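Model, not experiment: these values are computed from the prediction. Count residues from 1 along the sequence.
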Amino acid sequence: MSPAGRSGRPDAPLHLVFVPFLARSHFAPLAAKAADACGQRVGATATTAAIVTTPHFAALAPPCVPVHVAGFRCPGGHEDFSQLPDDEASSAPAFFSAAEAALAPALAAVLRAQDGPVAVVSDAVLYWVPRVARECGAPHVTFHTIGAFAASAMVAVHLHRPEAFLDPFVVPGGFPRHVKLRRAQINEEALAHLPLFRAAEAQSYAVAFNSFAALEANFAAYYQSQLAGRPKKVFLVGPALAAAASPRAVTGGAERDPILQWLDGRPAGSVVYVCFGSTCALGESQLRELATGLRASGRTFLWVIPAARGEGGAAREERASSHGMVVAGRWAPQAEILAHRAVGGFVTHCGWNSVLEAVRAGVPLATWPLRAEQFVNEAFLVEVLRVGVRVREVAREEAGLEALVPAGAVTRAVGRLMGDGQGEAEAVAGRRARARELGSAARAAVAEGGSSCGDWARLVEELKALHGRDSDPQV
């Protein structure tokens, strides 16, 4: 069916069908954009939205967004890709196959039931979605849940890879900035799958990033210049952050979180917030080193350990001491924590959602990447934006990224991040000033008249204009 073959009123709203990947860090930004689009007027175009996903993720969707639920037979019983055990990497292909088997027919059914203008927005790693959208006559948008810097760096390495890298090596291919990376920091698995993802992206009408112009405009332009297939536009439509941060069961009428109440009693900028995301686990030995380093820093800290996986089966608990507060085994309102006046720094794994939340809050970071594109994000934060300090020292990087990070490295990084009174004052002030500037730019981007609002409006209006046009909806 082509767009021209659809019936319905010309003034009918554009229906956007979002298909997130089945991993919490991927689901949240797409669900946030779905919430933004649900029942809204974007520029001159009214929009409605829905999400196609599985029962597990349906429970995490924003209450305002209709969800089409597809039954999912989980390989190994894992409904969230990020929860696959590290020693079961071979199960990843089975997970992708099962996700396609569940979601593809559900998406096709939703699209064929629409008699008005419709478009699909899906995660970049769901390489089969552009094909389903094309078969149903709907234009497709590839949505990247990582930043344009990281995506561009991976493409540059993939396309312009020399026979043998020096170590470290400069990102090749006319990259917008002189940035060095180590070979061990490159996600070889992602590189191996990049041709498949790029081929799928070539079938899309447009590409969108969960980012904003003041942060990554030059890298988005570079990415656009390297796209395969026919020329297409790249839109920066973020940061999309908070709509899907908590389960549906958490409502606005709930009592103020005890974490925020504890922060209310701390001086401005005095607390170091420590969190490695909902699925990035540290071993028991590393946890002990981290705890020792935080205490030795002399700084008040808030340490959130959301999941029990890999943390010795930590049950839900909250405890405060003279050193700080530890919260284990439960969800925490990270965006609100980072925006709290008491938080002066963030020790992070450099996941893109966490990076964007810190950027929007104007908080400098101590970087401790663990996997995937997080190492590339670290280079962006430390070398390009200059709002971060590394926790893992160069000597430790040379020893291997799996090497134990000692307590002393944690203490030194926190001292550099927060200021230890030993010649760090100017550097600390500079990072904080740059972080505040980025925070203002991030908030302005998503405000009315902002760059991301403008990009999203242009994308929506172009998708609506495709309805009724007697042409291939993908180009």
Checklist entry - Do the side chain of Thr47 and the main chain of Ala37 share a donor and acceptor less than 3.5 angstrom apart? => result yes
Checklist entry - Just by modelled atom types, is the Arg182 backbone N or O under 3.5 Å from a matching donor or acceptor in the Gln185 side chain? => result yes
Checklist entry - With a 4.5 Å heavy-atom cut-off, do Leu103 and Thr54 have their side chains touching? => result yes
Checklist entry - Who are the side-chain hydrogen bond (donor to acceptor under 3.5 Å, both in side chains) partners of Glu383, not counting sequence neighbours? => result Arg390
Checklist entry - Are Thr145 and Ser25 side-chain neighbours, meaning at least one heavy-atom pair lies under 4.5 Å? => result no
Item to check | Residue pair Ala34 / Ala49: nearest heavy atoms and the distance that separates them | outcome: O-CB, 3.5 Å
Checklist entry - For Cys453, which residues count as a side chain to side chain contact (heavy atoms under 4.5 Å, CB included) partner, sequence neighbours excluded? => result none
Item to check | Heavy-atom donor-acceptor pair, Ser452 side chain to Gly238 backbone, under 3.5 Å | outcome: yes
Next on the checklist: For a quick test of reading the model, state the closest non-hydrogen atom pair linking Pro130 to Gln203 and the distance between them.
Outcome noted: CB-CB, 3.9 Å
Checklist entry - Is there a side-chain contact between Phe212 and Pro239 (heavy atoms, below 4.5 Å)? => result yes
Next on the checklist: Going by side chain to side chain contact (heavy atoms under 4.5 Å, CB included), name the residues that satisfy it together with Ala366, two or more places apart in sequence or in a different chain.
Outcome noted: Val347, Val389, Val391, Leu417
Item to check | Val272 vs Ser297, side-chain contact (heavy atoms from CB on, under 4.5 Å): CA-CA, chis, key distance, verdict | outcome: CA-CA 10 Å; Val272 181; Ser297 74; 5.8 Å; no
Item to check | Smallest separation among heavy atoms of Lys232 and Arg230, with atom names | outcome: NZ-O, 3.2 Å
Next on the checklist: I'd like to check the side chain to side chain contact (heavy atoms under 4.5 Å, CB included) partners of Ile146; sequence neighbours left out, ordered by chain and number.
Outcome noted: Ala150, Ala151, Glu373
Next on the checklist: Just to verify, what does Arg458 make a salt bridge (charged side-chain N to carboxylate O under 4.0 Å, His left out) with, not counting sequence neighbours?
Outcome noted: Asp455
Checklist entry - For Gln334, which residues count as a side-chain hydrogen bond (donor to acceptor under 3.5 Å, both in side chains) partner, sequence neighbours excluded? => result Tyr273, Ser354, Glu357
Checklist outcome for this item: Rounding to 0.5 Å, atoms NE2 (His349) and CG (Asn377) come to a distance of 9.0 Å
Checklist entry - Residues in ring-ring contact (aromatic ring centres under 6.0 Å, His included) with Tyr223, at least two apart? => result His144, Phe209
Next on the checklist: One pair to check against side-chain contact (heavy atoms from CB on, under 4.5 Å): Val157 and Phe169. What are the steps and the verdict?
Outcome noted: CA-CA 10 Å; Val157 171; Phe169 65 93; 4.0 Å; yes
Checklist outcome for this item: By ring-ring contact (aromatic ring centres under 6.0 Å, His included), Phe21 pairs with (sequence neighbours left out) His26, Phe81, Phe96
Item to check | Student check: side-chain heavy atoms of His56 and Phe72 closer than 4.5 Å | outcome: no
Item to check | Test side-chain hydrogen bond (donor to acceptor under 3.5 Å, both in side chains) applied to His15 - qualifying residues, sequence neighbours left out | outcome: Thr48
Next on the checklist: Please evaluate residues Phe380 and Cys350 with respect to the criterion side-chain contact (heavy atoms from CB on, under 4.5 Å), reporting the C-alpha separation (whole Å), side-chain torsions for both, the decisive distance (0.1 Å), and the verdict.
Outcome noted: CA-CA 10 Å; Phe380 184 47; Cys350 301; over 6 Å; no
Next on the checklist: Could you measure the distance from the OH atom of Tyr205 to the CG atom of Leu466? Nearest 0.5 Å is fine.
Outcome noted: 5.0 Å
Next on the checklist: For a side-chain contact (heavy atoms from CB on, under 4.5 Å) check, start with the C-alpha distance between Val405 and Gln286, then their side-chain angles and the critical distance, and finish with the verdict.
Outcome noted: CA-CA 7 Å; Val405 177; Gln286 187 61 84; 3.6 Å; yes
Item to check | Nearest non-hydrogen partners of Ala379 and Val179, listed with the distance | outcome: CB-CG1, 4.1 Å
Item to check | Distance-minimising heavy-atom pair for Pro369 and Arg392 | outcome: O-NH1, 3.2 Å
Checklist entry - Between the main-chain N or O of Gly439 and the side-chain N or O of Arg443, is there a donor-acceptor pair closer than 3.5 Å? => result yes
Checklist entry - In terms of ring plane angle, is the pair Phe301 and Trp303 parallel, tilted or perpendicular, where the classes change at 30° and 60°? => result perpendicular
Item to check | With Phe175 via ring-ring contact (aromatic ring centres under 6.0 Å, His included) - residues at least two apart | outcome: Phe149, Phe219, Tyr222
Checklist entry - How many angstroms lie between atom CD of Glu426 and atom CZ of Arg431, to the nearest 0.5 angstrom? => result 11.0 Å
Checklist entry - Can you check whether Ala407's main-chain N or O pairs, donor with acceptor, with Thr411's side chain at less than 3.5 Å? => result yes
Checklist entry - Does one side chain, of Thr142 or Glu201, offer a donor that lies under 3.5 Å from an acceptor on the other? => result no
Checklist entry - So do the side chains of Ser451 and Leu236 get within less than 4.5 Å of each other, counting heavy atoms only? => result no
Item to check | Side chain His78, main chain Cys74, donor-acceptor under 3.5 Å | outcome: no
Checklist entry - Looking only at atom types and distance, does a side-chain atom of Gln374 sit under 3.5 Å from a main-chain N or O of Arg371, one as donor and one as acceptor? => result yes
Checklist entry - Do Leu111 and Val17 have side-chain heavy atoms sitting under 4.5 Å apart? => result yes
Checklist entry - Would you say the side chain of Val125 lies within less than 4.5 Å of the side chain of His193, judging by non-hydrogen atoms? => result no
Checklist entry - Looking at side-chain heavy atoms only, is the closest gap between Arg412 and Arg416 below 4.5 Å? => result no
Item to check | Minimum-distance pair of heavy atoms, taken over all atoms of His140 and Ser204 | outcome: ND1-OG, 2.7 Å
Checklist entry - In Å, rounded to the nearest 0.5 Å, how long is the span from CG of Leu181 to CD of Glu378? => result 10.0 Å
Next on the checklist: So, using ring-ring contact (aromatic ring centres under 6.0 Å, His included) as the criterion, who are the partners of Trp368 when residues are at least two apart?
Outcome noted: Phe276
Checklist entry - What's the spacing between Arg112 CZ and Glu135 CD if we round to 0.5 Å? => result 7.0 Å
Item to check | CG on Asn210 to CD on Glu216, rounded to 0.5 Å | outcome: 9.5 Å
Checklist entry - Residues in side chain to side chain contact (heavy atoms under 4.5 Å, CB included) with Arg386, at least two apart? => result Arg434
